[in-house]
Structures are given as structure tokens and as C-alpha cells.
*Asks:* 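There's a structure below that I have some questions on.
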Amino acid sequence: MAKTQFLDKKIEGLKEEGVYRKLPVLEGANEAEVVLNGEKVINLSSNNYLGFANHPRLKKAAIEAVEKYGVGAGAVRTIIGNMDIHEELEEVLAKFKREEAVMVFQSGFNCNAGTIQAVTEKGDLIISDELNHASIIDGVKLSKADKAIYKHSDMKDLERVLKEKRDNYNNVLIITDGVFSMDGDIAKLPEIVELAEKYSAMTYVDDAHGSGVLGESGRGTVDHFGLHGRVDFSIGTLSKAIGVIGGYVATSKSAQEWLNHRGRPILFSTALPPAAVGAIIEAVNMLMETTEYTDKLWDNAKYFKEKLGKLGFDTGHSETPITPVIIGNESKSMEFSKKLKENGVFVSAIVFPTVPKGTGRVRCMVTAGHSKEQLDRAVAAFEKVGKEMDII
Ligand SMILES: *Cc1c(COP(=O)(O)O)cnc(C)c1O
């Protein structure tokens with residue numbers, strides 16, 4: 001008998017709760033309209049905000065990088081995997097982010113896992129928003145510092161924690177998502193920064209959903225609020241709006257140098273492949289050339305959100321292109337998503353444990369790559385299924 005049989009019981013449990021699923025299979029590139037498990041659908045589920053994942057300019061840059069550097073970096077950066085394009089990428093990103101220095105990681109997840117533990121130690125305190133991303137939670141777990149949680153975006157609660165605990169610790173690090181990925185709300189960064197300055201704490205913003213979306217040409221939440229130089233660690237992902245793979249932290253030169261020595265994913269995991277690095281440099285240059293990509297994204301998101309709102313859907317309190325449609329019940333959310341797919345729209349259901357119990361939803365991700373005609377077709381499917389299921 002297989003020793004993993006205990007897992008079958010757990011999987012049975014998922015089936016009983018109605019949250020069991022198979023991985024969807026995408027046939028071809030991640031585009032606004034895709035073939036998924038053999039069916040053509042409008043894609044409202046990707047993080048490909050700017051349509052860069054299959055952009056001709058990025059593909060060309062990737063191919064050129066492969067021709068020059070090959071397909072793999074061949075080693076971790078601290079041994080012999082640090083190519084001149086990795087250095088160039090960090091320079092380009094620092095310029096784009098208008099910060100002193102950037103350290104690139106293999107993913108946003110890795111960046112959180114590696115950075116948080118490297119910049120905190122025993123005797124320090126990490127204060128984290130209760131809705132922070134899983135990779136922050138894991139990063140915090142890897143740290144030897146003490147931990148405290150504050151209620152989501154509740155500045156009174158954050159100040160309560162600071163008041164109660166600040167004096168018992170050496171360094172204090174306040175961590176927040178820049179944009180909260182399940183609701184699309186933006187962190188109250190100006191207030192967080194003020195509290196941090198008042199209580200001499202450091203600030204850490206994970207801007208995975210703000211990079212390429214908020215601020216001038218997608219420079220992120222720090223730029224959106226004009227807080228350059230006042231946030232100590234500004235994390236971005238290169239896998240969402242930038243369309244490729246990777247993560248980075250924009251920070252001081254000293255923190256960058258420290259991560260070079262103590263960031264475990266830098267020391268123990270191979271550097272990003274040249275194709276990815278070449279494509280990312282091109283993407284960042286494109287954003288520095290023009291705001292046309294981010295303008296199109298916001299225009300499409302506003303258009304879609306207004307139409308769903310008029311139909312009577314509960315789109316929550318999003319301030320970004322992330323558009324949740326809140327259903328509540330977990331299995332009803334799954335059912336809604338399934339029916340939408342039958343009607344040519346792929347929008348994945350997001351349920352517990354990714355969001356709190358009873359707040360199941362489908363989360364629509366509108367991108368710069370959608371045409372108005374595609375968005376209209378998606379809205380028509382929402383209306384039809386929403387009426388059939390008594391949601392509107
Ligand atoms: C997606 C996401 C990450 C992980 O980024 P990857 O580059 O996909 O590993 C980290 N933090 C937040 C807030 C995210 O939404």
C-alpha cells in the first residue's frame with residue numbers, strides 16, 4: 001500500500017467541500033483570448049497586465065540573449081552565474097524605480113523568502129498586515145525575529161502594536177503588500193511611512209501587483225504616493241505586469257550588498273536564465289519610453305468595472321485593475337466560474353484558504369491586451385450566468 005494513502009483522505013475532503021480541481025491546461029501563449037483544455041475562451045485570469053508575456057519585442061530580446069549567452073546561467077550568482085546582463089538588469093531597474101540599488105531574485109516569492117530573513121534577526125520585530133501574501137508569511141517564518149500582525153490596513157491597530165512593543169526590540173520592520181491581490185485595494189503607504197518614521201521602524205512594501213500598474217508608467221506604489229527615499233525595501237515581481245519571471249528588491253546600496261552575501265536564494269539557487277533577463281530589460285525600457293501600456297490597462301479596467309457594477313455585481317472596493325466579483329459561498333463561486341467557462345470566459349474562482357471563508361469570488365484580471373469587443377463579450381456572459389444563478 002502506498003505510504004501516501006493518507007493524502008487520498010485529505011483529497012476526499014476537498015471534493016466534499018466542492019473545492020477540488022484539476023490544473024487547467026493552456027494550449028499556446030498567455031493572451032487575451034486563449035485555448036484552454038481545447039476550448040477557446042476570453043482570459044480574465046492572468047497577471048499579464050500589460051500583455052507583455054507574448055510581446056514581439058520581448059520575444060526578440062529573449063532570442064537575442066539566448067544567441068549570445070545560451071539558455072542557462074550555469075551557476076548561482078556568487079560563483080560564476082553572474083553575467084553582465086544580470087548587472088545591466090539591476091541598473092535598469094534601479095533607474096526605473098528611482099532608487100539607489102536593486103537586487104534581482106529568481107522570483108517574487110524567492111525575493112520575499114530571501115530578503116526578510118536576511119535583514120532581520122533575533123531581537124528584532126516584524127509587524128505584518130494580516131492579509132499579506134503567502135510568500136511574505138513564509139519569509140517571516142524563516143526569520144528569527146519576533147512577529148506581530150495588525151488588522152488589514154488598520155492604522156490604529158498598527159500604531160497600537162508599535163506603541164506596545166517598539167521599545168522591546170532593536171530593529172522593527174513593517175511589511176505590507178502594495179496592492180492586495182485578492183481585493184485590489186492599495187496599502188495606506190503614506191500613513192504607514194509616517195508611523196514608521198515616528199517609531200523609527202523600517203518599511204517593506206511587496207509591490208507584486210503594483211509593479212507595472214501603479215505610479216508613472218508602472219513604477220509602483222512608492223512612486224504612486226511620491227514616497228521615494230522613505231520606503232526601505234520595495235519589492236517588485238517581474239512575472240506579472242513585466243510578463244517574464246523573477247523578483248527584485250529596490251533598496252539602499254548597503255542592503256543590496258548585504259543581500260549579495262546573505263540572501264539565501266542568491267547563494268543557493270541558480271541565477272535567472274539569459275532569455276528572461278534579456279526580455280525583462282526590454283520590457284522595462286518599453287515602460288521608460290512611454291505610458292501607453294499602463295494607460296491602456298487602466299482604460300480597459302475602468303471600462304470593465306463600470307459595466308459589471310451597472311449590472312449589479314458586487315465588485316468590492318478595488319482601487320486597481322484587479323476586479324473581484326464577490327459571490328460569498330465557496331461552491332457557488334466555483335459553480336459561477338464553471339458556468340462562465342461554458343459561456344466562453346475563463347475567470348478562476350478564489351476561495352478559502354486563499355481568501356477568508358464566506359468571501360468566495362471570481363477575480364477578473366483585465367489587461368492592456370484585451371480589446372473592447374472582448375470585454376463586451378465577457379460582460380454579456382457575466383450577465384447571462386449572473387441571472388441564471390440569481391446573483392444579479
Ligand atoms: C504573485 C506575488 C508574489 C510572487 O511573485 P512571483 O514572481 O510570481 O513569485 C509575491 N508577492 C505578492 C504580493 C504576489 O502577489
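Order of listing sets the numbers, starting from 1, for every ligand and every atom in it. Only heavy atoms go into these numbers, but all of them, side chains included; no hydrogens, no water, no symmetry mates. If you read the sequence from its start, that first residue is 1, and numbering goes on from there.
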*Asks:* Have Asn48 and Lys240 got a donor and an acceptor in their side chains that come within less than 3.5 Å?
*Replies:*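 On atom types as modelled, these side chains do not qualify, holding no pair under 3.5 Å.
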
*Asks:* For ligand 1, which atoms sit closer than 4.0 Å to a heavy atom of Thr237?
*Replies:*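 Per the distance check, 5 (O), 6 (P), 7 (O).
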
*Asks:* In the protein, what heavy atom is nearest to atom 2 (C) of ligand 1, and what distance, to one decimal place, separates them?
*Replies:*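 Of the protein heavy atoms, Lys240 NZ, 2.4 Å lies nearest.
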
*Asks:* Number the atoms of ligand 1 from 1 as they appear, then name those within less than 4.0 Å of a heavy atom of His209, with their elements.
*Replies:*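 Once the distances to His209 are compared, the set is 15 (O).
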
*Asks:* Taking atom NZ as the centre, does Lys147 end up with more than 12 heavy-atom neighbours from other residues, nucleotides or ligands that are less than 6.0 angstrom away?
*Replies:*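 Yes.
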
*Asks:* Out of curiosity, does Tyr49 fall in the hydrophobic cluster containing Leu238 (side-chain heavy atoms, cut-off under 4.5 Å, transitive links)?
*Replies:*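 In one cluster: yes.
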
*Asks:* Hey, which atoms in ligand 1 end up nearer than 4.0 Å to a heavy atom of Ser135?
*Replies:*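 With Ser135 as reference, the close atoms of ligand 1 come out as 10 (C), 11 (N).
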
*Asks:* Please state which protein non-hydrogen atom is closest to atom 8 (O) of ligand 1 and give its distance, to 0.1 Å?
*Replies:*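 Among all protein heavy atoms, the one nearest atom 8 (O) of ligand 1 is Ser239 OG, 3.8 Å.
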
*Asks:* Considering the heavy atoms of Gly246, write down every atom of ligand 1 situated less than 4.0 Å from one of them.
*Replies:*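 Taking each heavy atom of Gly246 in turn, ligand 1 has 7 (O) under 4.0 Å.
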
*Asks:* Take Phe180 and His152 through the test ring-ring contact (aromatic ring centres under 6.0 Å, His included) and record every step on the way to the result.
*Replies:* CA-CA 10 Å; Phe180 289 86; His152 175 53; 4.4 Å; yes

*Asks:* I need the nearest protein heavy-atom contact for atom 6 (P) of ligand 1: residue, atom name and distance, please.
*Replies:*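 Of every protein heavy atom, Gly108 N, 3.4 Å lies nearest to atom 6 (P) of ligand 1.
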
*Asks:* Show which atoms of ligand 1 fall inside a sub-4.0 Å distance from at least one heavy-atom site of Asp206.
*Replies:*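 Near Asp206, the atoms of ligand 1 are 10 (C), 11 (N), 12 (C), 13 (C).
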
*Asks:* As an exercise, identify every atom of ligand 1 less than 4.0 angstrom from a heavy atom of Asp177.
*Replies:*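 Those atoms are 13 (C).
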
*Asks:* Number the atoms of ligand 1 from 1 as they appear, then name those within less than 4.0 Å of a heavy atom of Phe109, with their elements.
*Replies:*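 Result: 4 (C), 5 (O), 6 (P), 9 (O).
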
*Asks:* Could you check whether Asn43 and Asn30, counting side-chain N and O atoms only, form a donor-acceptor pair closer than 3.5 Å?
*Replies:*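 Asn30 vs Asn43: donor-acceptor pair found between side chains.
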
*Asks:* Is it the case that the side chains of Asn82 and Glu87 hold a donor-acceptor pair, with the cut-off being a distance below 3.5 Å and no angle test?
*Replies:*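 Yes, because at least one side-chain N or O of Glu87 sits under 3.5 Å from a partner of the opposite role on Asn82.
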
*Asks:* Are Arg361 and Asp314 within salt-bridge range, i.e. N to O under 4.0 Å?
*Replies:*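 No, Arg361 and Asp314 are not salt-bridged.
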
*Asks:* Go through the side-chain N and O atoms of His224 and Thr221 and say whether any donor and acceptor fall under 3.5 Å apart.
*Replies:*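 No, Thr221 and His224 have no side-chain donor paired with an acceptor closer than 3.5 Å.
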
*Asks:* Short N/O distance, under 3.5 Å, between Leu238 and ligand 1?
*Replies:*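 N/O-N/O distance below 3.5 Å does not exist for this pair.
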
*Asks:* Which ligand 1 atoms, with their elements, are less than 4.0 angstrom from a heavy-atom of Ala208?
*Replies:*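 Atoms satisfying the 4.0 Å criterion: 2 (C), 11 (N), 12 (C), 13 (C), 14 (C), 15 (O).
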
